[in-house]
Amino acid sequence: SQQGEEDPQALSIQEGENATMNCSYKTSINNLQWYRQNSGRGLVHLILIRSNEREKHSGRLRVTLDTSKKSSSLLITASRAADTASYFCATDATGNFGNEKLTFGTGTRLTIIP
Amino acid sequence: EPEVTQTPSHQVTQMGQEVILRCVPISNHLYFYWYRQILGQKVEFLVSFYNNEISEKSEIFDDQFSVERPDGSNFTLKIRSTKLEDSAMYFCASSATGVAKNIQYFGAGTRLSVL
């Protein structure tokens, strides 16, 4: 499998329910981030979790990181129609000048049914 | 809120033609990136740029590609002789220094269609 794979590939839930997406990766990381992409648009940063952190919250988002299993999960609570989008995890590797090249996963397409 | 802007939003070109994709990063950012996303596939890293030089590039970024920061605000990606397989969304991103450099801010993208 490739660096950064999300599952499920697609997820449909009713508005108000919680959505959980998972990401697995293969190499050691500095940080793991989650981004959202609305159809045909750019990527919007949601949350970053560092390799020494296990859980992080931001509003309705909760991210966990298990470096021993090389996996992360993104939980969106009380989903809304506006949460409909594709969600990507991205891991970083330090470049020559400390640039953090991002390696993206395959994404989960989340559909919230009103 | 500051944002990364990209122009044009859609570029149509003939195979073999040169294209220049333009980006205006967030003004106080010092790290710049180009990524591409072929329809239905992953977002792929192309190149990162800092202090007026390429700091890292992927195997996709061959001799047909070049980047430039021609002035204090623009960051461009040039494809010298486009191929059909260059058709994709191209995203520019920028990030700040220090701990904030981990977070990259993306533009809305340029859809490149090579005919």
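Below, read A as the first sequence line, B as the second, and so on, with proteins coming before strands; counting in each chain starts at 1. Predicted model, so just to flag it, every value in this text is computed and none were measured.
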Looking at [X], I'd like to know if its [atom1] atom is crowded, meaning that more than 12 non-hydrogen atoms belonging to other residues, nucleotides or ligands lie closer than 6.0 Å.
X	atom1	result
A:Arg80	CZ	no
B:Lys57	NZ	no
A:Glu55	CD	yes
B:Asp71	CG	yes
B:Leu115	CG	yes

Quick one: [atom1] on [X] to [atom2] on [Y], what's the gap to the nearest 0.5 Å?
X	Y	atom1	atom2	result
A:Lys101	B:Ser55	NZ	OG	10.5 Å
A:Leu43	B:Gln104	CG	CD	10.0 Å
A:Arg41	B:Ser9	CZ	OG	9.5 Å

Residue pair A:Gln33 / B:Ile103: nearest heavy atoms and the distance that separates them =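 Taking A:Gln33 first and B:Ile103 second, the nearest heavy atoms are OE1-CA, 3.9 Å.
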For A:Leu102 and B:Tyr35, work out which heavy atoms get closest and say how close.
->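 The answer is N-OH, 3.1 Å.
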Hey, mind stepping through A:Phe104 and B:Phe45 against ring pair (Phe, Tyr, Trp, His ring centres under 6.0 Å) and telling me if it holds?
-> CA-CA 8 Å; A:Phe104 284 85; B:Phe45 169 79; over 10 Å; no
Polar contact flag, side-chain donor to acceptor under 3.5 angstrom, B:Gln37-A:Gln37 |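 There is such a pair (donor and acceptor under 3.5 Å, judged by atom type) between the side chains of B:Gln37 and A:Gln37.
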Any pair with a residue in residues 23-88 of chain B that passes disulfide (SG to SG under 2.5 Å), sequence neighbours left out, goes on the list, sorted by first then second residue, please.
->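 Applying disulfide (SG to SG under 2.5 Å) to every pair that reaches into residues 23-88 of chain B, excluding sequence neighbours, yields B:Cys23-B:Cys92.
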